[in-house]
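FYI, the numbering just counts along the sequence from 1. Since the structure is predicted, the reported quantities are computational estimates derived from the model, not experimental observations. First listed ligand is number 1; within each ligand, the first listed atom is number 1.
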Amino acid sequence: MALYKLLRPLIHALDAETAHRATIAALGLLPPRALPQFAPSLASDIAGLAFPSPVGLAAGFDKDGEVPDAMLGLGFGFVEIGTITPRPQQGNPRPRLFRLVEDQAVINRLGFNNRGQAAALDRLGRRKRRGVVGVNIGANKDSADRIADYVTGVAAMAPVADYLAVNISSPNTPGLRNLQAGGELVELLGAISAARAAGGPPIFLKVAPDLERGDHERIVRAAIDAKIDALIVANTTVSRPPLLSRHGRESGGLSGAPLKPLALDALRLFRSASGGELPLIAVGGIASADDAWARIVAGASLVQLYSGLVYHGPGLARRIADGLAQRLEQRGMSSIAEAMGSG
Ligand SMILES: Cc1cc2nc3c(=O)[nH]c(=O)nc-3n(C[C@H](O)[C@H](O)[C@H](O)COP(=O)(O)O)c2cc1C
């Protein structure tokens, strides 16, 4: 943290997207490291995968799967790369990524900029498999059949993914979130189940925090019926709680501290809708062990973060993991599973 405090003004002197590219390039230069060790109490088995720590990297940081091993080496218990679309696409015009420093937040309207499935498949295919690396899949903006894009994604990326995350909650591809609506969701999940090969990776569904009353029950029912293995709650919000930063009115998805109460509420609603039948992965505004603990006791099996890294540096995942192990010990609990939903 001390080193990051020193470097942060330099990194923040660059525009947010240039800083991000420089960070990925620097991470790509790190020598390979052994996977970090975690307290045994942090280990858990979710959807048949062995997670050494419940603290993961959320999608969007490593869109093309350039640095999953460096991120595991920094202390993440799992890493989700993507969103990857079938064909490469540029995303929206710049500027499209904003730091809201006074709010400890980020607004992005990147629009799934990525090099496409073939490039990701090639890159991931060449890496030595270790740790838990999930692949988040999406649809191209100009696709005539978005459901077909997810089907393609499931089939193409399964061989290199420990899990697949079906992202239908990004606010930056117009109309994408309509796939969360009744009939469309059932059709999408049906097509995905049909495309799934026996013995393939588990499939998680990533949802938005901006849902209406009744949506949570409906989504849980559709997910359970289609044998989805877990829900990721949640993506960025299109809502705008009061913000201090001059960038607060930029369009796009808001993440970081102002998303925290909304994401926690959404988690609670999904927990009460699912009654523990479907594992939940909590994401949105997590920046400390207290934040992560609050999600776990509210019913999350795992947590993820992204925006917290911008303000708290690369050691954050490790610090949160250590803080969680401490909290378990203080309460005489032997595992995260024991704490899960205990609030
Ligand atoms: C710059 C940026 C890009 C993102 N890109 C994606 C993406 O491609 N796919 C996705 O599912 N979520 C994406 N997200 C959402 C995050 O995965 C996460 O759900 C959200 O930021 C809330 O977590 P946080 O507050 O810890 O950042 C992105 C978030 C940010 C800040």
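Side-chain polar atoms of Asn136 and Glu80 form a donor-acceptor pair below 3.5 angstrom. If you check the side chains of Asn92 and Asn172, you find no donor sitting under 3.5 Å from an acceptor.
For Arg126, the side-chain hydrogen bond (donor to acceptor under 3.5 Å, both in side chains) criterion is met by Asp122, not counting sequence neighbours.
Protein neighbours of ligand 1 below 4.0 Å, counting non-hydrogen atoms: Ala58, Ala59, Gly60, Lys63, Gly82, Thr83, Leu97, Val106, Asn108, Leu110, Asn136, Asn167, Lys206, Ala234, Asn235, Thr236, Ser255, Gly256, Leu259, Val283, Gly284, Gly285, Leu305, Tyr306, Ser307.
Within the 4.5 Å cutoff, no side-chain heavy atoms of Ser301 are placed close to those of Leu280.
A donor-acceptor contact shorter than 3.5 Å links the side chain of Asp291 to the backbone of Ala287.
Residues Leu328 and Ala339 share a closest heavy-atom pair of CD2-CB, 4.0 Å.
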